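Naming convention: chains lettered A, B, ... in sequence-line order (proteins, then strands); numbering from 1 in each chain. Everything numeric here is computed off the predicted structure, so don't read it as measured data.
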Amino acid sequence: MSVRARFAPSPTGALHIGGVRTAIFNWLFTRHYKGKFILRIEDTDRTRSTEESIAEILDAMKWLGLDWDEGPFRQSDRLSIYQSNAQKLLKVGKAYRCYCSQEELERRRKEAEKQGRVYRYEGICRNIKSHPSGRPFAIRLTTPELGSIEVEDLIRGTIVFDAKEIDDFIIQKTDGFPTYNFAVVIDDATMDITHVIRGDDHIANTPKQVLIYEALSHEIPKFAHVSTILGSDKAKLSKRHGATSVVAYREMGYLPEALVNYLCRLGWSYGDQEIFPKEELIEKFTLENVGKSPAVFNPEKLLWLNGWYIRNKPADEIAQLVIPFLKKKGLNVTLDERLIKIVSILRERAKTLVELANSADYFFVDEVKYEDAAKKKFLSAETLPIFETLLEKLSSLVEFTVLELQNIFGEITEKRGIKLVQVAQPVRVALTGGTVSPGIFEVMEILGKEKVIERLKKAVHHISRS
RNA sequence: GGCCCCUUCGUCUAGAGGUCAGGACGUUGCCCUCUCAAGGCAGAAACACGGGUUCGAGUCCCGUAGGGGCCGCCA
């Protein structure tokens, strides 16, 4: 039988980095074994679930390239399925109606707590004979009192729970809605999920779920509990550690492959390899190489990886991707040869698409603005003669190329007995407004003769005026 | 409190009884160099602790400590 795994987020907010990693693991697992990846929205929390959140989750999944084969299913569409299964369990005596009031149970829980005990439902309604008509009831699973429940975990090995730890828990609430554990099992069972890969915060739920499978006489899937992603203080990763939503990373100029590559390496490894193109991830990903210990999210490493992908993806693709960021800055650009050239020289020093866009201004504006410090340091009287000879030589230049420009600068530095930096920096300020840019000859070539001369002249005016 | 999970450089990790404990991010120094990056080279940096088992333990067992999770008619 082919492998079937699922990702089941609850749409109560943005798609979280931690959630995405389990999505990635599930996706890779199914792709590696050529199985099916199912998307299911756990939206039974009526008050906290929102349509916007569902849309965002789907959007983020698509952006990351995590395509699904079935779904998205919604638990809210499946109410009758849960109810009929609960009825079935009732009928075969694996579950029973419980008429205990919530207030009463709450009282007992408090009482137990006071005595330092953990409250477990005593099974008061377990053997009730007459069913009071018209009274609301919840449905509880009849659980074993003795023995142990073993959970086979592909990452952690066998985990054993004492049956005494588990009471007759509720599977259907008084309002007819399923409880979480019940809905999950019914869904996974009816969707024929073979492998449940999820966060380790679900370990404690697993014995209960196993019990439900057994009551249903349904085959138990294989479980794999992945450890939590932590923040720098080793507490569970949350907003206070910085951005945690996928959409936020997209907006900060991260590439989906960098995020997938990074997140995947958090808890999974393949020898010493760090860079994994998607195809290679699919080929190499197995649960065997997933670690057990929790991992601290390290933004610097993600940033490094993002820089790596920016530098190594085909330049035209990066150009295409940076366009929205340039437009956001009010720069009107289109994908053409010039943009690709610009991107290919700028991307060496950008770690995000935002940085890349921010470093590109001077190629698109009509007039450069000088940075104060740069202007003060390099646009001074002594550079005036240099600019003048440069202008002279440039205007007679036919081939405005890196090579020719190099020659001209060489002539100037040689004649004046100065270093290249003494020419390059002032020119850089004149052309870009700042002291940092790609190689000055490359910048000049892309800017073109006309623009270069125009900007140098402007710089000359500026110096003369002050 | 009960139950469960986890523990190798600051961080991600390799390691499946015998290694100078390897790689990566970050960090330090040097090289390259028109600035900034990128790149190259070199360095500092770890087996939580205590007992066993074994000729030999990061690796196996048992404790301890620390971190985390779950204990709802929440998901």
Side-chain angles (χ1 to χ4, degrees), chain A residues 8-10 12 42-45 47-49 75 98 100-102 105-106 109 113 115-120 136-140 151 153 155-156 159-162 164-167 169-181 183-184 199-208 225 227-228 230 232 234-236 262 265-275 289 291-305 307-308 311 346-351 359 374 378 406 409 413 419-429 432 434-441 443:
Chain A
S10 47
T12 52
E42 307 210 323
D43 61 347
T44 48
D45 188 336
T47 52
R48 292 193 304 154
S49 297
Q75 287 190 328
C98 174
C100 297
S101 73
Q102 292 184 53
L105 293 171
E106 191 52 38
R109 183 168 291 116
E113 208 172 297
Q115 293 171 23
R117 288 185 294 117
V118 174
Y119 178 70
R120 295 194 187 86
F137 60 88
I139 300 176
R140 288 182 185 270
V151 173
D153 189 297
I155 296 175
R156 288 152 213 276
I159 305 170
V160 183
F161 296 86
D162 195 324
K164 285 196 291 264
E165 299 291 330
I166 295 159
D167 65 358
F169 59 93
I170 291 172
I171 58 175
Q172 187 177 101
K173 305 183 239 174
T174 312
D175 62 9
F177 277 70
T179 55
Y180 169 75
N181 280 316
V184 165
D200 67 355
D201 46 338
H202 291 284
I203 290 179
N205 283 323
T206 313
K208 289 185 178 178
H225 288 100
S227 57
T228 327
L230 271 25
S232 49
K234 307 242 176 182
K236 203 169 170 179
Y262 176 72
R265 273 287 285 104
L266 224 48
W268 174 82
S269 62
Y270 190 84
D272 282 344
Q273 193 172 342
E274 295 288 348
I275 307 281
N289 296 323
K292 313 174 198 220
S293 45
V296 174
F297 182 75
N298 182 210
E300 278 86 36
K301 189 159 181 179
L302 170 59
L303 193 60
W304 167 76
L305 256 175
W308 191 91
R311 264 175 273 128
L346 287 175
R347 64 169 168 176
E348 276 311 284
R349 49 224 97 201
K351 292 203 190 312
S359 67
F378 294 107
Q406 246 165 354
F409 276 59
T413 52
K419 298 209 178 238
L420 181 54
V421 64
Q422 292 171 272
V423 186
Q425 279 304 75
V427 170
R428 178 167 280 122
V429 176
T432 73
T435 57
V436 174
S437 86
I440 196 64
F441 308 124
V443 171

How long is the line joining [atom1] of [X] and [atom2] of [N], in whole Å?
| X | N | atom1 | atom2 | result |
| --- | --- | --- | --- | --- |
| A:Asn298 | B:U11 | CG | P | 10 Å |
| A:Asp201 | B:C6 | CG | P | 15 Å |
| A:Ile203 | B:C4 | CD1 | C1' | 7 Å |
| A:Tyr119 | B:C70 | OH | C1' | 18 Å |
| A:Leu266 | B:C12 | CG | P | 8 Å |
| A:Tyr180 | B:C73 | OH | P | 16 Å |
| A:Lys208 | B:C74 | NZ | P | 12 Å |
| A:Leu230 | B:G66 | CG | P | 17 Å |

If you go through the side-chain atoms of [X], does one of them form a donor-acceptor pair with the base of [N] closer than 3.5 Å?
| X | N | value |
| --- | --- | --- |
| A:Arg156 | B:C5 | no |
| A:Glu274 | B:G23 | yes |
| A:Thr174 | B:C73 | yes |
| A:Asp200 | B:G69 | no |

Taking atom [atom1] in both [N] and [M], compute the distance separating them and give it to the nearest angstrom.
| N | M | atom1 | result |
| --- | --- | --- | --- |
| B:G50 | B:G66 | P | 16 Å |
| B:C25 | B:C47 | P | 22 Å |
| B:A16 | B:C20 | P | 14 Å |
| B:A45 | B:G22 | C1' | 14 Å |
| B:G58 | B:C9 | P | 15 Å |
| B:G26 | B:G63 | C1' | 36 Å |
| B:U27 | B:C34 | C1' | 28 Å |
| B:A21 | B:A48 | P | 15 Å |

Below 4.0 angstrom from OP1 or OP2 of [N], is there any side-chain N or O of [X]?
| X | N | answer |
| --- | --- | --- |
| A:Arg109 | B:G72 | yes |
| A:Lys292 | B:G67 | no |
| A:Lys173 | B:G72 | no |
| A:Ser227 | B:C6 | no |

Answer with base, sugar-phosphate or nothing: what part of the nucleic acid does [X] contact at a heavy-atom distance below 4.0 Å?
| X | answer |
| --- | --- |
| A:Tyr262 | nothing |
| A:Ile170 | base |
| A:Ile159 | sugar-phosphate |
| A:Pro207 | nothing |
| A:Asn205 | base |
| A:Arg117 | nothing |
| A:Gln102 | base |
| A:Ser437 | base |
| A:Ser359 | nothing |
| A:Gly267 | sugar-phosphate |
| A:Lys164 | nothing |
| A:Thr435 | base |

Applying a 3.5 Å limit to both distances, which nucleotide forms a Watson-Crick or G-U wobble pair with [N]?
| N | value |
| --- | --- |
| B:A38 | none |
| B:G50 | B:C62 |
| B:U27 | B:G43 |
| B:C3 | B:G69 |

Nearest to the [X] side chain among [options], which nucleotide is it?
| X | options | answer |
| --- | --- | --- |
| A:Arg428 | B:G26, B:U35, B:A38 | B:U35 |
| A:Leu105 | B:G26, B:C73, B:C12 | B:C73 |
| A:Ala295 | B:A37, B:C34, B:U13 | B:U13 |
| A:Glu165 | B:U13, B:G2, B:U35 | B:G2 |
| A:Val118 | B:C12, B:C6, B:C71 | B:C71 |
| A:Glu42 | B:A75, B:A24, B:C34 | B:A75 |
| A:Val436 | B:G26, B:U35, B:C70 | B:U35 |
| A:Arg311 | B:U35, B:A38, B:U7 | B:A38 |
| A:Arg349 | B:U35, B:C6, B:C12 | B:U35 |
| A:Glu348 | B:A37, B:C12, B:C73 | B:A37 |

Measuring only between side-chain heavy atoms, which start at C-beta, is [X] closer than 4.5 Å to [Y]?
| X | Y | result |
| --- | --- | --- |
| A:Thr413 | A:Lys419 | no |
| A:Val296 | A:Leu266 | no |
| A:Leu105 | A:Tyr119 | yes |
| A:Glu165 | A:Arg120 | yes |
| A:Ile203 | A:Phe161 | yes |
| A:Tyr262 | A:Trp304 | no |

Toward the 5' end of RNA chain B, by each residue's nearest nucleotide, A:Pro438 or A:Gln172: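 Its nearest nucleotide being more 5', the pick is A:Pro438.
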Most 5' of A:Arg140 and A:Gln425 on RNA chain B, judged by nearest nucleotide: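 Checking each residue's closest nucleotide, the 5'-ward one belongs to A:Gln425.
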Shortest non-hydrogen contact from A:Asp45 toward A:Arg48: OD2-NE, 2.8 Å
Minimal non-hydrogen separation, A:Ser293 against A:Ser227, with atom names: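 The pair with the smallest heavy-atom distance is O-OG, 2.9 Å.
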Flag if over 12 foreign heavy atoms under 6.0 Å of CD, A:Glu113: no
Interatomic distance, A:Phe177 atom CZ to A:Thr44 atom OG1 [nearest 0.5 angstrom]: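 The CZ atom of A:Phe177 sits 8.0 Å away from the OG1 atom of A:Thr44.
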